[in-house]
Amino acid sequence: MNIGGFLGDIIFWVQVFWWLWLILLAFFFYQWAQNHVGFSPMLTIVLAVVLIYYLVIKHPFLGSSTLIFWTLLSSGVLYLLPIVLPWFGLLFRRR
Amino acid sequence: MLMAADIFGIFSFLNDVRFVVEIIVFAYLVFWLYMTFRDIPLLFALSLVAAGYLIFAQTISITLLVVIFFAFVLMGSQLQMLIWFGLAPIVGMFGIKLPGTQEYEAEQQMQAAQKEEEALLERIENGTASAADKAQYQQMMASQQLNSGTNPLARLGGGLR
């Protein structure tokens, strides 16, 4: 089914983004495997393959939520919350 | 029957999640075992096998053990706080008193005192009371009269002396 027009263009770019996101997921899990079992290259590849199969190919939404949740917790972005949230309280205050 | 109940694929999904979590836990353990037994490959191999067996073959037991360890050993004091200052007041609203709390101890003491009083009264009525029992009975009657008197200050501090 060839969806033409503007909607077709949107869907095209959504697909491109989705594939790029999956590649990013796969890289993330490969890097995780490397960081944890990097002493053995074979074990790294085996672990990466297992993780990528289950979290990128079979259940990509589970893998995506893993990446987002892990990044939120470990990147330190939660420290920004007490800085950002008061602005919302100030700008959208109920009078 | 479980396969038939897996209409929305939830069971197979949870099965996959369980397997992925097992793999991740095993990877963390492998890393730690490698760092620990870096110079002793035999111990590394043996501990790998043991860890693999525990995680993949005895998943449920190990999970339960870890949860119990976390809940009671690592977070035991927090759990105690939760029960004493969270659960006990809420349950106290329904008249239930948890053992170990102050209200429970006070109630136990009151019940013990009441039982003693009843036993004493029984001994007095039966005529088997000793001299100490009679003296205690007289003291009890005096304090009751003091408490039930018209003087409103009688109850404060055990009565006016």
Side-chain angles (χ1 to χ4, degrees), chain A residues 1 11 14-15 17-79 81-82 85, chain B residues 2-60 62-63 65-67 69-71 74-75 78:
Chain A
M1 184 180 169
I11 291 173
V14 165
Q15 282 174 336
F17 172 76
W18 180 244
W19 277 105
L20 285 174
W21 176 253
L22 289 182
I23 293 168
L24 175 72
L25 269 185
F27 173 70
F28 173 76
F29 291 125
Y30 172 73
Q31 200 175 51
W32 189 91
Q34 206 174 40
N35 287 339
H36 286 79
V37 292
F39 55 87
S40 165
M42 190 156 83
L43 203 57
T44 306
I45 292 185
V46 167
L47 183 62
V49 163
V50 169
L51 284 177
I52 289 169
Y53 172 70
Y54 278 100
L55 293 175
V56 181
I57 297 170
K58 212 170 166 199
H59 303 289
F61 293 107
L62 178 63
S64 306
S65 50
T66 305
L67 170 62
I68 292 165
F69 180 66
W70 191 252
T71 307
L72 269 180
L73 273 192
S74 61
S75 66
V77 73
L78 287 175
Y79 285 118
L81 280 177
L85 290 180
Chain B
L2 276 176
M3 288 297 127
D6 194 17
I7 311 170
F8 301 105
I10 292 175
F11 291 132
S12 51
F13 175 72
L14 288 176
N15 233 6
D16 288 343
V17 171
R18 179 188 55 82
F19 180 63
V20 168
V21 170
E22 281 173 4
I23 292 284
I24 290 171
V25 166
F26 186 61
Y28 274 115
L29 256 182
V30 165
F31 178 66
W32 183 80
L33 288 171
Y34 174 76
M35 297 307 283
T36 309
F37 298 121
R38 212 170 5 187
D39 304 321
I40 319 162
L42 177 66
L43 282 180
F44 177 51
L46 290 173
S47 54
L48 256 187
V49 171
Y53 171 72
L54 286 173
I55 288 173
F56 291 104
Q58 304 290 344
T59 316
I60 298 174
I62 292 297
T63 308
L65 275 173
V66 165
V67 164
F69 178 72
F70 263 83
L74 292 186
M75 306 196 65
Q78 279 91 342

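As a basis for the values below, the full set of heavy atoms in this structure was taken, side chains included, without hydrogen atoms, waters or symmetry mates. Protein chains get the first letters and strands the later ones, always in sequence-line order, with residue 1 at the start of each. Please read all numbers here as calculations on a predicted model, not as lab measurements.
Rounding to the nearest 0.5 Å places CG of L55(A) at 6.5 Å from CD1 of I24(B).
Heavy atoms from other residues, nucleotides or ligands lying under 6.0 Å from OH of Y28(B) number more than 12. In this structure, F37(B) places its CZ atom where more than 12 heavy-atom neighbours from other residues, nucleotides or ligands lie under 6.0 Å away. Within a 6.0 Å radius of CH2 in W32(B), other residues, nucleotides and ligands contribute 12 heavy atoms or fewer. Within a 6.0 Å radius of CG in L20(A), other residues, nucleotides and ligands contribute more than 12 heavy atoms. Within 6.0 Å of CZ in F56(B) there are more than 12 heavy atoms belonging to other residues, nucleotides or ligands.
In this structure, V37(A) and F26(B) have side chains that are not in contact, with every pair of non-hydrogen atoms separated by 4.5 Å or more.
Ranked by heavy-atom pairs shorter than 4.5 Å toward chain A, the options V30(B), D16(B), V20(B) are led by D16(B).
Residues of residues 56-65 of chain A placed with any heavy atom under 4.5 Å of a heavy atom in chain B are listed by number as K58(A), H59(A), L62(A).
Between F31(B) and F39(A), the closest heavy-atom pair is CA-CE2, 4.3 Å.
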